[in-house]
Amino acid sequence: MTNVIEIKNLSKSFGSHEVLRDVNFSVKKGEVVCLIGSSGSGKSTLLRCVNLLETPSGGNIIYNGENILDSKHNVEQYRTHLGMVFQQFNLFNNLNVIDNCTVGQQKVLKRSKAEAIEKAMKYLEVVGMAQYKNAKPRQLSGGQKQRVAIARALAMDPDVMLFDEPTSALDPEMVGEVLKVMRMLASQGNTMLIVTHEMEFAREVADRIVFMDKGVIVEEGHPDQVLVNPQHERTKEFLKRTLKS
Ligand SMILES: Nc1ncnc2c1ncn2[C@@H]1O[C@H](COP(=O)(O)OP(=O)(O)O)[C@@H](O)[C@H]1O
Ligand SMILES: [Mg+2]
């Protein structure tokens, strides 16, 4: 299978603080990769480098065979191929659900309003939020907001969906409804890169688990390998801590 995204020797520093060091990994078409690791290990920074919300200090990001850090490459164009779902939803609070899901399509992809609405409704159906199309974000629960955020990202027809701890800001009773949507997307062959603390979920859906610690990838592999039979002491310690809580 072909690599959709390939990260090569990526590094990122904030001032003298080196947050990512020589990170290498790839995401293939249709693959679900879960990124795990302690708080502060650099997971969000890595995801933000992948979609160029942060500029890497070194290394390369290859998207469908093209080096997107090449100065000739159009960053805006590249970003439209990535769907991003954040911990804090990041919906436009002044816009209702349907407008949240159409504004990017119209502005960035130059779709007509009718086409944007059709796409938006398709994905609001997928996440079970179609009946809330006229609601404002403040009228929704956290789980509902996150499902709208997922629909909004999907409506852009991205090549890859990036999730940064999409359930970490949710009340426990709402985690399930969001994971259910993500499970479905995973089973339908979507290419997904997911930062998560939900180990059960990761074990179930991931084709590959990448464990990060202090800005480096310590170990990666099939869930059964990394989660059940970890090879490195740091992975073992992390899992012991995480699975206990
Ligand atoms: N914009 C920033 N400026 C300075 N330091 C940052 C910035 N963003 C993240 N960091 C630092 O980078 C490290 C990794 O953070 P982060 O990527 O958010 O980790 P994780 O998502 O794994 O919890 C932390 O030490 C954090 O304080
Ligand atoms: Mg984070």
Side-chain angles (χ1 to χ4, degrees), residues 5-27 32-61 68-69 75 79 82-91 142-143 145-146 149-150 152-153 158 160-172 174-175 178-179 182 192-203 205-206 208-221 223 226-227 230 232-245:
I5 289 179
E6 207 175 335
I7 305 296
K8 286 187 174 168
N9 312 112
L10 193 84
S11 64
K12 175 67 184 174
S13 298
F14 294 106
S16 61
H17 184 188
E18 194 176 43
V19 173
L20 297 174
R21 186 155 32 95
D22 198 22
V23 170
N24 293 278
F25 79 102
S26 59
V27 183
V32 177
V33 177
C34 285
L35 192 55
I36 63 171
S38 308
S39 177
S41 57
K43 307 180 298 297
S44 294
T45 304
L46 178 54
L47 228 53
R48 291 169 60 81
C49 282
V50 169
N51 66 12
L52 298 184
L53 287 173
E54 298 285 358
T55 308
S57 308
N60 284 311
I61 300 174
I68 55 133
L69 294 180
V75 170
R79 256 202 220 109
L82 309 176
M84 181 85 187
V85 177
F86 301 89
Q87 191 172 335
Q88 296 295 345
F89 326 124
N90 293 22
L91 294 178
K145 278 190 249 198
Q146 198 57 300
I150 293 171
R152 178 177 64 175
V160 185
M161 287 284 284
L162 307 175
F163 295 85
D164 192 357
E165 298 196 35
T167 61
S168 292
L170 300 178
D171 291 334
M174 287 161 195
V175 169
V178 172
L179 293 184
M182 293 173 68
M192 299 162 82
L193 175 56
I194 307 169
V195 175
T196 186
H197 284 302
E198 298 286 341
M199 292 301 148
E200 268 307 308
F201 167 79
R203 185 169 174 189
V205 306
R208 204 144 42 81
I209 302 249
V210 176
F211 170 64
M212 268 183 81
D213 190 43
K214 299 193 178 78
V216 300
I217 292 179
V218 174
E219 144 160 40
E220 68 172 298
V226 177
L227 299 181
H232 292 265
E233 207 48 52
R234 284 197 270 174
T235 321
K236 289 177 193 170
E237 276 166 27
F238 169 76
L239 291 173
K240 209 188 284 173
R241 261 185 286 126
T242 311
L243 299 176
K244 231 191 295 179
S245 58

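Just so we're clear, the structure is a prediction, and the values are computed from it rather than from any experiment. In listed order, ligands and their atoms are each counted from 1.
For a threshold of 3.5 Å applied to N or O pairs, the pair formed by Glu165 and ligand 1 contains no separation below that value. Of the N or O atoms in Val19, none lie within a sub-3.5 Å distance of an N or O in ligand 1.
Taking a 6.0 Å sphere around CZ of Arg79, one finds it holds more than 12 heavy atoms contributed by other residues, nucleotides or ligands. Remark: Arg234 CZ is packed, more than 12 non-hydrogen atoms of other residues, nucleotides or ligands lying under 6.0 Å away.
Close approach to Ser38 involves these atoms of ligand 1, each under 4.0 Å from a residue heavy atom: 22 (O). Atoms of ligand 1 lying under 4.0 Å from any heavy atom of Ser39, numbered from 1 in the order shown and given with element: 23 (O).
When only non-hydrogen protein atoms are considered, atom 22 (O) of ligand 1 lies nearest to Lys43 NZ, 2.7 Å. Annotation: atom 5 (N) of ligand 1 to nearest protein heavy atom, Phe14 CD1, 3.3 Å. The shortest contact between atom 19 (O) of ligand 1 and any protein heavy atom is with Gly42 N, 3.2 Å. Annotation: atom 27 (O) of ligand 1 to nearest protein heavy atom, His17 CE1, 4.7 Å. Counting protein heavy atoms only, atom 16 (P) of ligand 1 is closest to Thr45 OG1, 3.6 Å. Closest to atom 18 (O) of ligand 1 among all protein heavy atoms lies Ser44 CB, 3.7 Å.
To the nearest 0.5 Å, the span separating CZ on Arg208 from OG on Ser26 amounts to 5.0 Å. Annotation: the span from Leu193 atom CG to Leu46 atom CG amounts to 7.0 Å, rounded to 0.5 Å.
Remark: side-chain polar atoms of Ser11 are paired, donor with acceptor, to backbone N or O of Gly58 under 3.5 angstrom. At least one donor-acceptor pair closer than 3.5 Å links the side chain of Ser57 to the backbone N or O of Ser13. Not one N or O on the side chain of Lys43 forms a donor-acceptor pair closer than 3.5 Å with the backbone of Ile36.
Partner Asn24 forms a side-chain contact (heavy atoms from CB on, under 4.5 Å) with one of Ile217, Asn9, Ile7 and no other, that one being Asn9. For the pairing with Lys145, the side-chain contact (heavy atoms from CB on, under 4.5 Å) check across Leu170, Leu91, Ile150, Val178 returns one residue only, Leu91.
At a 4.0 Å cut-off, not a single heavy atom of Gly15 sits close enough to ligand 1 to count as contact. Distances from ligand 1 to the non-hydrogen atoms of Gly40 include at least one value under 4.0 Å.
Taking 2.8 Å as the threshold, Thr45 does not count as a candidate ligand of the Mg ion (ligand 2), since none of its N, O or S atoms lies below it.
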